[in-house]
Amino acid sequence: MEKNDRESALRVSMEEEENRKTDPKETRERSIIIIGSKSVGKTTMINRFLEKDEKPKPTIAMEYSFGRKAGKSLVKNIVHVWEIGYVASSLISTAISGSALTHSPHHTTLLMMLDLSKPELLWITFEEILSAVRSALKISYDSKLINDMIECRTNERKNVEKMIDLLPLKTFIIGGKYDEFQDFDLDKKEIIGRTLRAIAHSLGAGLYYYSSKDKILLRKTKDLLCHIGFGAVLSEGKFTSYDKPLIISPGSDSFSSIDLQLPYSKPSMIFDTIKQTFIVRVPQITRNEESTLEDPSNDPNFNEPIIDKLKVQREEEINVLLDDMLNGRTQQIPIPDPV
């Protein structure tokens, strides 16, 4: 009888755990996946949110951290934070899979962080992130779950325009480095702000401007992360003046208030219209024009004496071999003609 009681208790416990992981409404654990521009302040924002007094280091691939906070029942609520250092669908998919181990996908929120101080890279970066996110969602979830998540997000909103293409995950676009962006002329701030409002609304996302050097924006962003990560109440607010930091909650905007001329009704055509309107005013640089990426092996934070020594030795061997080939001291390596 004692054995049967233990087995029954274990079965009930496992059922409760499984229900907790699949419940789309109630949860004690949530996840935030942050992906965005290089050096835009993702790590600093996370450290401020989790109250970590650490000097930020470059995120090469992905960093995981977590925070705890006591709720009304004194049971700790947990937030899992996944910071993606390199835009890749495989890394985003790994974070999505990791979050699914502890709670329902309905409690995972995506933060796309874009660098306001580099408008010439803004659309290119956004397209890369969105493409990687869509690929990661297809890798991580089956079509039925994706449709269920979209349906759930649609039901949460009062009114969804036909032109909106909701992402399955709750999403926010964070405009970083506002302290540098605020000195731009008003016309440029307006076209950038209008574009960010349009893409955020198209995806059913919220839009927040952020700077680690502005106390008010720092507090508002921390309040947002507490709302996302711990379910804290977030004061409703909407600030759409382009000479001030934009703050727009998901579902509170509309294409009519953004005042964009959108002659099409298909989401893909709408994105193309938004893009063309933006890049005519703010030309984007090509990949060939971008500055060369820094070599992480030269960063003192990632010193590996043995590996570094072997790397230098190998580079010297290659340089000697190339020099011999160029000066005719070594037989040229034959290159076959294309078939």
Side-chain angles (χ1 to χ4, degrees), residues 31-42 59-63 82-100 105 108-116 118-147 149-150 153 163-176 192 194-208 250 260 262 264-280 282-291 293:
S31 288
I32 303 175
I33 299 174
I34 303 175
I35 182 170
S37 305
K38 180 183 177 183
S39 302
V40 72
K42 299 186 292 295
T59 304
I60 300 301
M62 181 169 63
E63 292 285 345
W82 308 80
E83 180 190 354
I84 311 297
Y86 178 76
V87 180
S89 57
S90 58
L91 292 176
I92 302 171
S93 177
T94 299
I96 290 174
S97 300
S99 66
T108 296
T109 301
L110 176 71
L111 263 59
M112 299 182 184
M113 203 163 177
L114 302 174
D115 192 339
L116 295 173
K118 296 179 180 178
E120 71 280 0
L121 285 171
L122 193 145
W123 192 272
I124 292 174
T125 305
F126 166 70
E127 279 191 332
E128 286 181 348
I129 293 172
L130 184 60
S131 176
V133 166
R134 291 196 187 281
S135 296
L137 289 168
K138 291 180 180 178
I139 295 171
S140 307
Y141 303 138
D142 58 39
S143 57
K144 182 180 183 305
L145 180 55
I146 288 177
N147 291 332
M149 293 167 68
I150 292 175
R153 291 202 62 208
M163 297 180 288
I164 291 178
D165 186 16
L166 290 174
L167 280 176
L169 295 177
K170 297 175 184 177
T171 305
F172 286 85
I173 294 176
I174 307 295
I192 293 171
R194 198 184 298 275
T195 300
L196 291 178
R197 284 179 66 185
I199 60 179
H201 184 59
S202 297
L203 298 173
L207 174 62
Y208 274 67
L260 276 179
L262 300 172
Y264 306 108
S265 58
K266 291 184 178 180
S268 59
M269 293 182 176
I270 288 173
F271 265 114
D272 189 60
T273 302
I274 297 170
K275 175 181 179 179
Q276 296 305 322
T277 303
F278 178 70
I279 64 176
V280 166
V282 186
Q284 302 293 282
I285 66 174
T286 64
R287 285 300 175 200
N288 294 332
E289 293 172 328
E290 286 187 68
S291 58
L293 294 175

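Computed from a prediction, not measured in an experiment: that's the story for all the values here. Index from 1, following the sequence.
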(message) Among residues at least two apart in sequence or on other chains, which ones pass side-chain hydrogen bond (donor to acceptor under 3.5 Å, both in side chains) with Thr108?
(response) Ser99
(message) Test of understanding: with side-chain hydrogen bond (donor to acceptor under 3.5 Å, both in side chains), list the residues that count as partners of Glu127, not counting sequence neighbours.
(response) Trp123, Lys275
[Y] side chain reached by [X] side chain, heavy atoms, under 4.5 Å:
X	Y	answer
Leu196	Leu116	yes
Phe271	Phe126	yes
Ile174	Met112	no
Thr171	Thr109	no
Asp115	Leu122	no
Ile96	Tyr141	yes

(message) Strictly by salt bridge (charged side-chain N to carboxylate O under 4.0 Å, His left out), give each pair with a member in residues 129-140 just once, sequence neighbours left out.
(response)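 Applying salt bridge (charged side-chain N to carboxylate O under 4.0 Å, His left out) to every pair that reaches into residues 129-140, excluding sequence neighbours, yields Arg134-Asp165.
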Taking all heavy atoms of [X] and all of [Y], pick out the closest pair and write down the distance.
X	Y	value
Pro168	Leu137	CD-CD1, 3.7 Å
Ser202	Ile164	O-CG2, 3.3 Å
Gly36	Ile129	CA-CD1, 3.7 Å
Leu145	Pro105	CD2-CG, 4.1 Å
Ile35	Leu110	CG2-CD1, 4.1 Å
Leu91	Ala61	CD1-O, 3.7 Å

Once you round to the nearest 0.5 Å, how far does [atom1] of [X] lie from [atom2] of [Y]?
X	Y	atom1	atom2	answer
Ile285	Ile124	CD1	CD1	6.0 Å
Glu128	Leu121	CD	CG	9.0 Å
Ile33	Leu169	CD1	CG	6.5 Å
Thr273	Phe278	OG1	CZ	15.0 Å
Gln284	Lys118	CD	NZ	13.0 Å
Ile150	Leu167	CD1	CG	8.0 Å

(message) Looking at Leu207, is its backbone amide N or carbonyl O close enough to the side chain of Arg197 to form a donor-acceptor pair, meaning the two atoms are under 3.5 Å apart?
(response) no
(message) Donor-acceptor check, side chain of Arg153 to backbone of Leu166, threshold 3.5 angstrom: yes or no?
(response)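 Judged by distance alone, no pair lies under 3.5 Å.
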Identify, with sequence neighbours excluded, every residue that meets side chain to side chain contact (heavy atoms under 4.5 Å, CB included) alongside [X].
X	answer
Pro119	Phe184, Lys188, Ile192, Val282
Lys42	Ile34, Val40, Glu83, Met113
Ser97	Ser93, Ser140

